[in-house]
Q: 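One structure, pasted below without further comment.
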Protein chains: 2
Amino acid sequence: MRCLNINNKDVGVSKTNHFTDQQNRIATLAKALGHPARVAIIEYLLKVKTCICNDIVDELPLAQSTISQHLKELKNAGIIKGSIEGKTICYCLDETTFAVLKQYFKNIIISVNDQKCC
Amino acid sequence: MRCLNINNKDVGVSKTNHFTDQQNRIATLAKALGHPARVAIIEYLLKVKTCICNDIVDELPLAQSTISQHLKELKNAGIIKGSIEGKTICYCLDETTFAVLKQYFKNIIISVNDQKCC
DNA sequence: ATAACATATCGTAATATTGCGATGTTTAAA
DNA sequence: TTTAAACATCGCAATATTACGATATGTTAT
């Protein structure tokens, strides 16, 4: 059953358009990292330097389709890159994205040290 | 209507217990940052050094109850701290948490530079 | 005591996320 | 050319998230 939103209330909808591009970007990246399976995938990619593809299925307690979905989300967010490598796909981490994240938190820490409270 | 999960499939449930504490911790932090409103709240707290409370309601295009909910999530994740300050509540960023995040991404970058691919 | 302010919580409605099996699609080997 | 491996996508079911208004709660002035 589908119901109409009679009152025109923005219910259940992220008002992304009200925030800055930077804020949306960080939120998108953080969201993509906001699931332990995806964190695990990243750590796996980090471990197996040669950026192998879906042996991840054997690594994690999730179905192949689920892993594929998680990989897609990571790729959409720009956290990983994937390139076709014959029969398989070579996924690997996107350094520049992590550099953005590192810098963002670094800057926060610089500012937060000025705080005079709590 | 509520339906039973006849097939015992873990449908729609994060299997957090299959991942390491570290992975779950990072995912929890990232998830809390995974919404532009919460990123905006953090940046606001960063700007107004004196960690004022709900003037955030005037800053963001969201209802008071919604802001309160976002603050709660940030607090639960350990990203902000709050202490009662008379009539108001003094919210401020938790430095140690940001230090964790910064370090995490720093370490990733160190490893990712070894990568020989893509 | 009461009013007013600053929150938090609750109930509800809607969308988003997560997970799976089944099924496509493409490539490489047989 | 069939087969199989490696993914991706689809459809479904269930939970989670987001947002709001209404309301409750606590604090401080009046």
Side-chain angles (χ1 to χ4, degrees), chain A residues 1-19 27-28 30-41 51-58 60-77 80 82-91, chain B residues 1-19 27-28 30-41 51-58 60-77 80 82-91:
Chain A
M1 219 249 281
R2 225 102 240 268
C3 302
L4 277 170
N5 182 357
I6 307 264
N7 304 332
N8 194 34
K9 289 199 283 181
D10 280 344
V11 64
V13 174
S14 290
K15 296 178 160 181
T16 56
N17 51 319
H18 293 302
F19 303 100
T28 299
K31 192 174 185 177
L33 294 171
H35 191 289
R38 292 195 287 268
V39 173
I41 288 173
C51 70
I52 311 291
C53 47
N54 259 25
D55 341 80
I56 306 174
V57 175
D58 300 324
L60 301 184
L62 295 169
Q64 179 265 322
S65 57
T66 307
I67 305 267
S68 185
Q69 224 173 258
H70 282 308
L71 285 168
K72 190 180 175 186
E73 278 175 73
L74 287 170
K75 193 150 72 119
N76 285 343
I80 63 176
S83 55
I84 295 157
E85 191 79 25
K87 182 164 58 178
T88 67
I89 290 188
C90 165
Y91 279 117
Chain B
M1 218 250 280
R2 225 101 236 275
C3 302
L4 277 170
N5 182 359
I6 307 265
N7 304 332
N8 194 34
K9 290 197 283 181
D10 280 344
V11 63
V13 173
S14 288
K15 295 179 159 180
T16 57
N17 51 318
H18 293 301
F19 303 99
T28 299
K31 192 173 185 180
L33 294 172
H35 191 289
R38 292 195 288 270
V39 173
I41 288 173
C51 70
I52 310 293
C53 47
N54 259 26
D55 340 79
I56 305 172
V57 175
D58 301 323
L60 300 184
L62 295 169
Q64 180 265 322
S65 58
T66 307
I67 304 268
S68 185
Q69 226 173 257
H70 281 308
L71 286 168
K72 190 180 173 184
E73 275 174 75
L74 286 170
K75 194 150 71 119
N76 284 344
I80 62 175
S83 55
I84 294 157
E85 191 80 23
K87 180 164 61 176
T88 67
I89 291 186
C90 165
Y91 279 116

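A note on names: the letters A, B, ... follow the listed sequences, proteins ahead of strands, and every chain is numbered from 1.
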Q: Are the side chains of B:Ile56 and B:His70 in touch, meaning some heavy atoms are under 4.5 Å apart?
A: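 SC-SC contact between B:Ile56 and B:His70 ruled out.
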Q: Expressed as a whole number of angstroms, how long is the span from A:Ile56:CD1 to D:dA8:C1'?
A: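 These atoms are roughly 14 Å apart.
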Q: Looking at every strand, decide which applies to A:Glu73 at a 4.0 Å heavy-atom threshold: base, sugar-phosphate, or nothing.
A: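 Sugar-phosphate only.
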Q: Quick one: is B:Lys31 getting a side-chain N or O under 4.0 Å of the D:dT17 phosphate, OP1 or OP2?
A: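 Affirmative; the distance criterion is met.
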Q: Could you tell me the separation between the CZ atom of B:Phe19 and the P atom of C:dT18, rounded to a whole number of Å?
A: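 From B:Phe19 CZ to C:dT18 P: 11 Å.
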Q: Atom CG of B:Leu71 to atom P of D:dA19: distance rounded to whole Å?
A: 13 Å
Q: Does A:His35 place a side-chain N or O at less than 4.0 Å from the phosphate oxygens OP1/OP2 of C:dG19?
A: yes
Q: Would you indicate, yes or no, if D:dT18 has its OP1 or OP2 atom less than 4.0 angstrom from a side-chain nitrogen or oxygen of B:Thr66?
A: no
Q: On DNA chain C, does the nearest nucleotide to B:Gln69 precede the nearest nucleotide to A:Glu85 from the 5' side, or the other way round? Give the residue.
A: B:Gln69
Q: Measure the distance from CD1 on A:Ile67 to P on C:dT18 and round it to the nearest whole Å.
A: 13 Å
Q: Please enumerate all protein N or O atoms sitting under 3.5 Å from an N or O of nucleotides 3-7 of chain C, with distances to 0.1 Å.
A:
from, atom 1, to, atom 2, distance (Å)
C:dT7, OP1, B:Ile89, N, 2.7
C:dT7, OP2, B:Asn54, N, 3.0

Q: In this structure, how many angstroms lie between the P atom of C:dT9 and the CG atom of B:Asn76, rounded?
A: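 About 10 Å, once rounded to whole Å.
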Q: Rounded to whole angstrom units, what separation is found between the NE2 atom of A:His70 and the C1' atom of D:dC7?
A: 16 Å
